[in-house]
Trainee: 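Dropping the structure in here first, questions after.
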Amino acid sequence: MKIFQSTSIVPALTRAGRRVERPLRLVSGLVLFAYATSHLVNHAFGIRSIAAMEAASRVLLNPWQTLPGLTLLYTSFFAHGLLGLYALYRRRHLRMPASEAWQLALGLTIPLLLIPHAAGVRFGTSIYGLEIGYARLIYQFWFFAIEDAVRQIALLLIVWIHGCIGLRAWLSSKPWYRRGTAALASLAVLVPVLALLGFINAGLDARDTAQRDPQAAAVHAIAAPGTPAAEKLVGVRRISDMLALGYLGLVAGTIGLRVLRDWHVRRFRAVHITYPDNRVVAVPPGFSVLEASRWAGIPHASVCGGRGRCSTCRVRVTKGAEQLAPPGPIEARTLERIGNPVGVRLACQIRPQADLEVEPLVRTSVDAPSGIVRFGAAIEGGAEMEIAALFVDLRESTRLATGRLPYDALFLFDRYIQVVTTAIRDNSGHVTSIAGDGVMSMFGINSNGARAARDAFEAAAQIWVGVESLNNDLADELQVPLRIGIGLHVGMAVVGMISTGGAGSLQFLGDTGNLAAKLEGETKRWDCVMIASAQAAALVAPDRPDIETRALSVPGKEASVPAVLFRTRDELDRLLRPAAPA
C-alpha cells in the first residue's frame, strides 16, 4: 500500500506543480516580452532623432516606471528567471531539440547582459542620484563606454530571439497561426532591425553634435571621465558586478544540485529499466522510458518527438506494469487508435517510480545509410494538422495506350495530368505524388479543416469539368471518353518534407490519404465518379438533410465508412452551393 501511494501521489503533485508553472512562465514571459518590445520600438525612434526617442519614451517606457509597472516588471523578471533555473534543474538530461537548447542557452545569458544595464539605471538613480535618460545613455555609450554599446546590441538581439522562440512555441498550436506566419515573421525581423538602426543612428547624431560642440559629450553624458558622477558610476558598476557574480553562483549552484541529485538518486533511489538484451539503465524517478533510452544511448523510435501523438515509441511492459499510473488522456487516445494491445504502453508517457522491464516494439536503425529517404517533419517532431486528401485515378488507362505510338500515348496522359494538377494548384492544393495515372494531393497547409475540405471539393469539381472538356477536345483521338474516379477524405496527418540528396517534396503521412484512395477504389463498385467521406462533406455543407449518405464497407476497415456518392456533376455542384431556403 505504501508503494502504491508513493507512486500515485508523487506524479499527481508533479502534474499539479506544472499546471501552476506553465501559466506563470507564460504570463511572466509575455510581460517581459512586452517590456522588451516597448524598448525596441522606442529605439526605432532614433531613426528620427534623439529628441524623438526621448519623446516616445514618455509614452512607451514611463508607464513601466510607475509603482504598478515596476512591481509587475520585477515580479515577472524574478519569476521567469527562477523558473528558468528550475527548468534547468528539473531536466533529466540535456539532450533536447535545437530550438529548445537555443532558448535555454539564450535565457541563461540574458541576465548577464541585462544586470549591468538594469542595475546601472535603477541604482544609479535611486542610490547615487545620477540623471539618466535616453540622450544621456546615448552619449555615455557612444563616447565613454563603447563596450556597453556593444553589450546593448547583443542584449537587444538575444532578448528578442529568446522571446520569439518562446512566443512561437506558444502560438504554434493556435488554429490561426499558420495563416499569420508570414506577418509574424516579418515583424520578428522588422522590429529588431529598426531598433538597431535607431540606436546606431542616434549614436551617429550624437557624434555629429559633438563635432560641432566638443563639450556636448561631457555635458550630456551620464558620467564623463574626471567628473564626480564618474566616481558614482564606479560604485554602480561594483554593485552590478556583485549581482552578476551572484547570478553566476545561482547557475553554478543549480548545475551542482543537478549533479548531486542525479548521484543521490542513482546511489539510493534509482529506478532500473531493463531492456530485452538484459541491459539495465538506472534513472531517477520521473524519467519517462523514452528519456531513459535516449539518456543511455539506446535506439528508440519516436516520430512525433515524444508528445504521445504517434505509437512508434510503444513498448510492451513485461514486468512492473501494475506499478505504473494508468494512461492519461493523450496516451489513452493513441492506444485506442492502435487497438489497445495488451501490455503495451507509450514509452514517452510512462514515468516509472519502481523497477520496470520493457520491450520496444518498433525497430530503429542506429546508422542510417547516407542516401536514405528521410521524412523531415518526423525528424523534427512533425507538423500534425487536419488536411483534406484528394485522390484521382484514370479508369482503364492500359486500354488508352493499346495500339498507340508511345509518344501519342504520352501526349494523352500528359493532357490528363495537366488538367488534374492545374485544378489542384488553382484551389490551394499540393500534389504529393503521381504514380502512373493516379494523383494524390492534399489541401489545408495554410488553413483549417473546413477550408481544406472546401478547396478539395472545388478542385474535384474543376477536375470533373476539365476531363469533360478534354474529352471534347480529343474526341477524334479517343475511341471511348476518358473516365476518372475521385476519392476525398478529411482527417489528421503529419506533414513534412521527404528529401533524398538535395531534392525534397511535401508529403503527408497517416490514414487520411489511405482512406481517400480506398474511397476512389469504391467508385468502380458503385458505378459513380466520386466518393467523399461524410465527414468531409459535413465540413462543406453542415446540416444539409438533402445530402444523402450511405455506409460503405471499405477494404481494410472493420467499421463501415459513412460516405456521399456523386454520379453526376450536378450532385457535386449542389453540395457546394448553399441549400435553398425552405
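All figures in this text were calculated on a predicted structure; none of them were measured in a lab. Positions are given from 1 along the sequence.
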Trainee: How are the rings of F33 and W160 set relative to one another: parallel (under 30°), tilted (30 to 60°) or perpendicular (over 60°)?
Mentor: parallel
Trainee: Do I50 and T209 touch side chain to side chain, with heavy atoms closer than 4.5 Å?
Mentor: no
Trainee: Please set out all donor-acceptor pairs under 3.5 angstrom arising from side-chain atoms of residues 182-193, sequence neighbours excluded.
Mentor:
unit_1, atom_1, unit_2, atom_2, d
S186, OG, A182, O, 2.9

Trainee: When rounded to the nearest 0.5 angstrom, what distance separates CD1 in I255 from CG in L260?
Mentor: 14.0 Å
Trainee: Do F199 and Q152 come within less than 4.5 Å of each other through their side chains, counting heavy atoms only?
Mentor: yes
Trainee: In Å and rounded to the nearest 0.5 Å, what is the NE2 to CG distance from H43 to L40?
Mentor: 6.5 Å
Trainee: Provide the full list of salt bridge (charged side-chain N to carboxylate O under 4.0 Å, His left out) pairs with a residue in residues 24-53, sequence neighbours left out, each pair given once.
Mentor: E21-R25
Trainee: Decide yes or no for V439 and L390: does some side-chain heavy atom of the first lie under 4.5 Å from some side-chain heavy atom of the second?
Mentor: no
Trainee: Which heavy atom of G46 sits nearest a heavy atom of N201, and at what distance?
Mentor: O-ND2, 2.8 Å
Trainee: Search all heavy atoms of A79 against all heavy atoms of S28 and return the closest pair with its distance.
Mentor: CB-CB, 4.5 Å
Trainee: Between F443 and I424, is a side chain to side chain contact (heavy atoms under 4.5 Å, CB included) present by the stated rule, with each step listed?
Mentor: CA-CA 9 Å; F443 301 77; I424 292 167; 4.0 Å; yes
Trainee: Counting only N and O atoms by type, is there a donor-acceptor contact under 3.5 Å from the side chain of Q65 to the main-chain atoms of L70?
Mentor: no
Trainee: If you measure from NE2 on H162 to CG on L157, what distance do you get to the nearest 0.5 Å?
Mentor: 14.5 Å
Trainee: Count the heavy atoms belonging to other residues, nucleotides or ligands that lie under 6.0 Å from CE of M492, then report whether that count exceeds 12.
Mentor: yes
Trainee: Assess whether side chain to side chain contact (heavy atoms under 4.5 Å, CB included) is satisfied between Q349 and S288, documenting all intermediate values.
Mentor: CA-CA 6 Å; Q349 299 297 308; S288 71; over 6 Å; no
Trainee: Mind checking the NE2-CG spacing from H80 to L83? Nearest 0.5 Å is all I need.
Mentor: 7.5 Å
Trainee: Is there a donor-acceptor pair closer than 3.5 Å between any side-chain N or O of T75 and the backbone N or O of L72?
Mentor: no
Trainee: Describe, in one word, how the ring planes of Y35 and W64 are oriented to each other, choosing from parallel (under 30°), tilted (30 to 60°) and perpendicular (over 60°).
Mentor: perpendicular
Trainee: Let me confirm one number: the CD-SG distance from E291 to C348, rounded to the nearest 0.5 Å.
Mentor: 9.5 Å
Trainee: Considering residues, nucleotides and ligands other than I330, do more than 12 of their heavy atoms fall under 6.0 Å from its CD1?
Mentor: no
Trainee: Taking only residues two or more places apart in sequence, or in another chain, which ones meet D455 in a salt bridge (Lys or Arg N to Asp or Glu O under 4.0 Å)?
Mentor: R451
Trainee: So, using side-chain contact (heavy atoms from CB on, under 4.5 Å) as the criterion, who are the partners of T422 when residues are at least two apart?
Mentor: Q418, D426
Trainee: Report the C-alpha distance between R454 and L576 in whole Å, list the side-chain angles of each, state the deciding distance to 0.1 Å, and finish with yes or no for side chain to side chain contact (heavy atoms under 4.5 Å, CB included).
Mentor: CA-CA 8 Å; R454 165 74 57 176; L576 294 172; 3.7 Å; yes
Trainee: Please tabulate, one pair per line, all N/O donor-acceptor pairs under 3.5 Å involving side-chain atoms of residues 106-114, not counting sequence neighbours.
Mentor:
unit_1, atom_1, unit_2, atom_2, d
T109, OG1, A105, O, 2.8

Trainee: Indicate the atoms forming the closest heavy-atom contact of A493 with I387, along with that distance.
Mentor: CB-CD1, 3.8 Å
Trainee: A side-chain contact here means heavy atoms from C-beta on lying under 4.5 Å apart; do H430 and S441 qualify?
Mentor: no
Trainee: Would you please name every residue forming a ring pair (Phe, Tyr, Trp, His ring centres under 6.0 Å) with F391, sequence neighbours left out?
Mentor: none
Trainee: Can you tell me how far CE of M385 sits from OG1 of T512, rounded to the nearest 0.5 angstrom?
Mentor: 12.0 Å
Trainee: Looking only at atom types and distance, does a side-chain atom of Q535 sit under 3.5 Å from a main-chain N or O of H489, one as donor and one as acceptor?
Mentor: no
Trainee: Is a donor on one side and an acceptor on the other found under 3.5 Å between the side chain of H300 and the backbone of C313?
Mentor: yes
Trainee: Where do L30 and W170 land on the side chain to side chain contact (heavy atoms under 4.5 Å, CB included) test, with the steps shown first?
Mentor: CA-CA 10 Å; L30 289 175; W170 174 50; 3.9 Å; yes
